[in-house]
*Asks:* 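Let me begin by handing over the structure; questions about it come next.
We count residues from 1, following the sequence as given.
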Amino acid sequence: LGTVKNENINFNNPITPYPNPCLNYIEFTFPEKIIESMSNLQIFNESGSLVIIIHKLDSRKLNIQFLKSGKYYFKINDENMCYTGSFVKL
């Protein structure tokens, strides 16, 4: 088991993945201030294994064609906050 890190988690999440469910691409909508201060985007499968980590987003649209069908969880960290959510890959 992993360790728990003390983070500021934003439960009023301004980040929305769409379309949800999705097939080959997922796009994230979030305020410009988050993308400017974002340190990384992590995507985890249902087992909690890290399947994608991106340190700098070039685009809000992410190719997920290689992921298997299922539910995925995302975590976006910026300088002060941690934003979380989920999406379904068909």
*Asks:* Where is the tightest heavy-atom contact between K71 and E46, given as atom of each residue plus distance?
*Replies:* O-CG, 3.1 Å
*Asks:* May I ask you to test the Q65-Y25 pair for a side-chain heavy-atom distance under 4.5 Å?
*Replies:* yes
*Asks:* Return yes if some donor-acceptor pair links the side-chain N/O of K89 with the main-chain N/O of L23 below 3.5 Å, else return no.
*Replies:* yes
*Asks:* Assess the residue pair N77 and Q42 against the criterion (side-chain contact (heavy atoms from CB on, under 4.5 Å)); give the C-alpha distance rounded to whole Å, side-chain angles, the decisive distance to 0.1 Å, and a yes or no.
*Replies:* CA-CA 9 Å; N77 297 299; Q42 299 171 355; 4.2 Å; yes
*Asks:* Distance check, rounded to the nearest 0.5 Å: I43 atom CD1 versus I64 atom CD1?
*Replies:* 7.0 Å
*Asks:* L62, Y73: one ILVMFWY side-chain cluster at the under-4.5 Å cut-off?
*Replies:* no
*Asks:* Answer yes or no: is there a donor N or O on one side and an acceptor on the other, between the side chain of N20 and the main chain of V88, under 3.5 Å?
*Replies:* yes
*Asks:* First locate atom CG of N40, then atom NZ of K75, and finally report the distance between them rounded to the nearest 0.5 Å.
*Replies:* 7.5 Å
*Asks:* Establish whether F87 and V51 are linked, either directly or via other cluster members, by ILVMFWY side-chain heavy-atom contacts under 4.5 Å.
*Replies:* yes
*Asks:* Which heavy atom in S86 sits nearest to a heavy atom in P17, and how many Å separate them?
*Replies:* O-CG, 3.5 Å
*Asks:* When hydrophobic residues are tied together by side-chain contacts of less than 4.5 Å, even through go-betweens, does I53 share a cluster with M81?
*Replies:* no
*Asks:* When you look at I52 and F66, which way does the side-chain contact (heavy atoms from CB on, under 4.5 Å) test go after all the steps?
*Replies:* CA-CA 11 Å; I52 299 174; F66 63 92; 3.6 Å; yes
*Asks:* Report the distance from atom NZ of K61 to atom CD1 of I26, rounding to the nearest 0.5 Å.
*Replies:* 11.0 Å
*Asks:* Nearest 0.5 Å, please: how far is CG in L67 from CG in L90?
*Replies:* 12.0 Å
*Asks:* What's the spacing between R60 CZ and E27 CD if we round to 0.5 Å?
*Replies:* 8.5 Å
*Asks:* Show the nearest heavy-atom pair for residues Y18 and T29, with the distance to one decimal.
*Replies:* CE2-CG2, 2.9 Å
*Asks:* For side-chain contact (heavy atoms from CB on, under 4.5 Å), just list the numbers for I15 and F74, CA-CA rounded to whole Å, side-chain angles, deciding distance to a tenth of an Å, and then say yes or no.
*Replies:* CA-CA 10 Å; I15 300 171; F74 66 86; 3.8 Å; yes
